[in-house]
*Asks:* 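Structure incoming, see below.
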Amino acid sequence: MIAGADARPDFQLQALSDITVRLPFTTACHMATARQGIKVALQRRAWLGALEHVSSHRVEAGGLLVGRVYESSKGLLISEIENAVPARVFDGTGTSLQMSADVWETARREAPPGSCTVGWYHSHPNLGAFFSGTDRRTQARFFSNAYSVGLVIDPVRHESAWFAGASSVELGQPDVFMLGEEN
């Protein structure tokens, strides 16, 4: 027999005001007036980490995106990406990727308190930035929350695209904004 008990989740949605106080004024105003949907607040160091990781391989490579999720009373979600955790053990080809389950444990260990895995990233070297049918199935199976995001990077063509939720809805450029110092 398996017994269970209610347990407090290790992840909680945070108030939108918790992130808007850290945003540039114009970005905070944009967030305050947004109605519904999802936005991505991407820390520059996370972007550079993911980009460096996928650019160092000629085959598909990827990893997990760790961060926090904020919610407004109007139904707006912001997934803040604080860190990209590369899959060090993976099997990649020019058109496919299989990451080892070890990446989940690495992400859990590296996640600061209050953060969680909010998505994943991978590359399509010289194929373009899009979600394939396999990518959509992966998103639906492992990243089905409304705040879950997927990032595809083509490091050869210098393209990227974001997708959200179980339906892999493509996010437009206004839905993604960079946080952090210019490098």
Side-chain angles (χ1 to χ4, degrees), residues 9-11 13 37-70 77-112 114-173 175-180:
D10 59 355
F11 155 76
L13 291 173
I38 183 164
K39 306 283 184 192
V40 176
L42 179 60
Q43 291 288 344
R44 186 168 301 280
R45 69 181 172 274
W47 167 253
L48 293 174
L51 184 60
E52 179 181 346
H53 177 230
V54 300
S55 295
S56 66
H57 299 281
R58 290 184 161 173
V59 297
E60 284 196 22
L64 298 176
L65 301 170
V66 173
R68 301 172 193 280
V69 181
Y70 304 87
L77 292 171
I78 298 177
S79 288
E80 179 182 15
I81 310 301
E82 299 174 315
N83 192 19
V85 179
R88 299 290 181 203
V89 179
F90 66 94
D91 183 18
T93 70
T95 58
S96 68
L97 171 65
Q98 183 174 5
M99 294 186 278
S100 165
D102 293 350
V103 71
W104 291 96
E105 180 59 25
T106 302
R108 188 193 63 73
R109 275 195 323 270
E110 292 182 11
S115 63
C116 65
T117 299
V118 296
W120 66 303
Y121 71 92
H122 72 288
S123 61
H124 284 175
N126 208 25
L127 294 175
F130 64 94
F131 248 20
S132 68
T134 300
D135 297 337
R136 290 176 187 283
R137 286 188 296 278
T138 299
Q139 182 78 12
R141 183 168 181 205
F142 296 104
F143 305 97
S144 61
N145 295 303
Y147 62 79
S148 297
V149 295
L151 167 62
V152 179
I153 302 170
D154 183 334
V156 177
R157 297 182 185 181
H158 306 286
E159 299 173 0
S160 63
W162 289 89
F163 300 85
S167 299
S168 300
V169 174
E170 187 166 4
L171 301 178
Q173 191 145 8
D175 298 321
V176 180
F177 52 96
M178 190 75 69
L179 301 175

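Below, all heavy atoms of this structure are taken into account, side chains as well, without hydrogens, waters or symmetry copies.
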*Asks:* Please answer whether the main-chain N or O of F163 pairs with a side-chain N or O of S168 as donor and acceptor at a distance below 3.5 Å.
*Replies:* no
*Asks:* Just jot down the side chain to side chain contact (heavy atoms under 4.5 Å, CB included) partners of E105, sequence neighbours excluded, or say none.
*Replies:* R108, R109
*Asks:* Provide the closest heavy-atom pair for P125 versus P155 in the form atom of the first, atom of the second, distance.
*Replies:*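 Closest approach of P125 to P155: CA-CD, 4.1 Å.
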*Asks:* Rounded to the nearest 0.5 Å, what separation is found between the CD atom of E82 and the CG atom of L65?
*Replies:*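 Going from the CD atom of E82 to the CG atom of L65 covers 11.5 Å.
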*Asks:* Checking A107 now: which residues fulfil side chain to side chain contact (heavy atoms under 4.5 Å, CB included) with it, not counting sequence neighbours?
*Replies:*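 So A107 forms a side chain to side chain contact (heavy atoms under 4.5 Å, CB included) with L64, V66, V85, T117.
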*Asks:* Are any of the side-chain heavy atoms of R68 and Y147 separated by less than 4.5 Å?
*Replies:*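 No, too far: nothing below the 4.5 Å cut-off.
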*Asks:* Enter the distance from S79:OG to F143:CZ here, rounded to the nearest 0.5 Å.
*Replies:* 12.0 Å
*Asks:* Kindly write out the residues that satisfy side-chain hydrogen bond (donor to acceptor under 3.5 Å, both in side chains) with N126, not counting sequence neighbours, or none if the list is empty.
*Replies:* R157
*Asks:* Could you pull out all residues at least two apart from E80 that satisfy side-chain hydrogen bond (donor to acceptor under 3.5 Å, both in side chains)?
*Replies:*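 Per chain and number, E80 pairs via side-chain hydrogen bond (donor to acceptor under 3.5 Å, both in side chains) with R22, Q43, Y70.
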*Asks:* Check side chain to side chain contact (heavy atoms under 4.5 Å, CB included) between L51 and all other residues, then give those that pass, not counting sequence neighbours.
*Replies:*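 L51: side chain to side chain contact (heavy atoms under 4.5 Å, CB included) contacts with W47, S55, I153.
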*Asks:* Which pairs, with at least one residue in residues 50-60 and sequence neighbours excluded, count as a salt bridge (Lys or Arg N to Asp or Glu O under 4.0 Å)?
*Replies:* none
*Asks:* If you count every heavy atom of other residues, nucleotides or ligands that lies below 6.0 Å from Q98 atom CD, does the total exceed 12?
*Replies:*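 No, not enclosed.
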*Asks:* Please identify each residue that fulfils side-chain hydrogen bond (donor to acceptor under 3.5 Å, both in side chains) with W120, with sequence neighbours left out.
*Replies:*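 Applying side-chain hydrogen bond (donor to acceptor under 3.5 Å, both in side chains) to W120 gives Q139.
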*Asks:* For F142, enumerate each residue passing the ring-ring contact (aromatic ring centres under 6.0 Å, His included) test, keeping only those at least two apart in sequence or located in another chain.
*Replies:*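 Per chain and number, F142 pairs via ring-ring contact (aromatic ring centres under 6.0 Å, His included) with no residue.
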*Asks:* Determine the minimum heavy-atom distance between S123 and V54, stating which atoms define it.
*Replies:*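 Looks like CB-CB, 3.6 Å.
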*Asks:* Measure the CG-CG distance between D154 and L127 for me, rounded to the nearest 0.5 Å.
*Replies:*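 So the CG of D154 and the CG of L127 are separated by 6.5 Å.
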*Asks:* Hey, could you give me each pair passing salt bridge (Lys or Arg N to Asp or Glu O under 4.0 Å) that has a residue in residues 123-146? Not counting sequence neighbours.
*Replies:* none
*Asks:* Shortest non-hydrogen contact from G63 to M99?
*Replies:*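 G63 and M99 have their closest heavy atoms at N-SD, 3.4 Å.
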*Asks:* Any chance you could measure D91, atom CG, to L97, atom CG, to the nearest 0.5 Å?
*Replies:* 8.0 Å
*Asks:* Quick check: do N145 and V69 have side-chain heavy atoms less than 4.5 Å from each other?
*Replies:*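 Of all side-chain heavy-atom pairs linking V69 with N145, none is under 4.5 Å.
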*Asks:* Please name all residues satisfying side-chain hydrogen bond (donor to acceptor under 3.5 Å, both in side chains) with S144, sequence neighbours left out, ordered by chain then number.
*Replies:* none
*Asks:* What distance do L151 atom CG and I81 atom CD1 have between them, rounded to the nearest 0.5 Å?
*Replies:* 8.5 Å
*Asks:* Find the distance between CZ (F130) and NE2 (H124) and round it off to the nearest 0.5 Å.
*Replies:* 5.0 Å
*Asks:* Looking at R44 and G180, what are the two nearest heavy atoms and their distance?
*Replies:* NE-O, 4.0 Å
*Asks:* For A84 and P86, work out which heavy atoms get closest and say how close.
*Replies:*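 Shortest heavy-atom contact: O-CD, 3.4 Å.
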*Asks:* Would you say W162 and I38 make side-chain contact, with heavy atoms under 4.5 Å?
*Replies:*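 Contact flag for W162/I38 side chains = no.
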*Asks:* Suppose we screen for side chain to side chain contact (heavy atoms under 4.5 Å, CB included). Which residues come up paired with S167, at least two apart in sequence or across chains?
*Replies:* V169
*Asks:* Can you label the angle between the H53 ring and the Y121 ring as parallel, tilted or perpendicular, going by 30° and 60°?
*Replies:* perpendicular
